[in-house]
Amino acid sequence: MNVFRLAGDMTHLLSIIILLLKIRATKSCTGISLKTQELYVIVFLTRYLDLFTKYISFYNTTMKLVFLGTSISIVWYMRYHKVVKQTYNKDQDTFRHYFLAIPCFLLALLIHHEFTVIEVLWTFSIYLEAVAILPQLVLLQRSRNIDNLTGNYVFLLGAYRALYLVNWVYRYFTENHLVRWIPWLSGLVQTTLYADFFYYYIKSWKNNEKLQLPA
Amino acid sequence: VQQDAVKDEL
């Protein structure tokens, strides 16, 4: 474990906590894409299949359970909670997320490290996570005013994978030049997708104005 | 062994 990865995990955890707090405190999920949240549940389920078969550390197991639990509860709130589900922007959150999942799965069948169920599904989760934010970014462009919590949520979500990129650079130089193209390239794509959001988020923060994404 | 190193990440 290095400081970059720990910072990344904490940033990721914080983003999810902020989203849960927003939903529980305001009893509203306005501006949040259910499609993206569902994709994250799939990402965690397919990535943590070895949760009960491989014990790495207390930290690793705990964080996996926290990520699975929180992401599933967010989807539950948005789908079934009587008050929250009324605030879901159903008619604006129209991104066909299956168009994202299916190519990722096909790509995982083609490009992986070894052809086993666990490894192919793990690879699928890496590819899927890279594009899972797209429905959320599209929804942000459609919703006129973005509330601060939602903006902070998306910013921290993008920042966590950027910190993971730094972690991979650090590990490359400190762990006999271990090369891991699949997470590296996917992480690069994932972080790049946030580029224009980062630009507008930082601009709105500097000029102390409301966050607005150009349509 | 290469891939195992990755699996210690979240």
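Keep in mind it's a predicted model, so treat the numbers as computed, not measured. By convention in this document, chain letters (A, B, ...) are assigned in the order of the sequence lines, proteins followed by strands, and residues within each chain are numbered from 1.
Annotation: A/F105, atom CZ; neighbour count of heavy atoms from other residues, nucleotides and ligands within 6.0 Å does not exceed 12. Around the NZ atom of A/K27, the shell of radius 6.0 Å holds more than 12 heavy atoms that belong to other residues, nucleotides or ligands. Dense packing is recorded around CH2 of A/W76, with more than 12 heavy atoms of other residues, nucleotides or ligands lying under 6.0 Å away. Atom OH of A/Y55 is surrounded by more than 12 heavy atoms from other residues, nucleotides or ligands within 6.0 Å. Applying the 6.0 Å contact sphere to OH of A/Y59 captures more than 12 heavy atoms from other residues, nucleotides or ligands.
Minimum interatomic distance between A/N60 and B/D8 (heavy atoms only, all atoms of both residues): ND2-O, 3.3 Å. Closest approach of B/L10 to A/Y164, counting heavy atoms only: N-OH, 3.3 Å.
Ion pairing between A/R47 and B/E9 fails under the 4.0 Å rule for side-chain N and carboxylate O.
In this structure the side chain of A/I118 never reaches within 4.5 angstrom of the side chain of B/K7, judged on heavy atoms.
Contacts between A/F67 and chain B at a heavy-atom distance below 4.5 Å involve the side chain alone, from C-beta outward.
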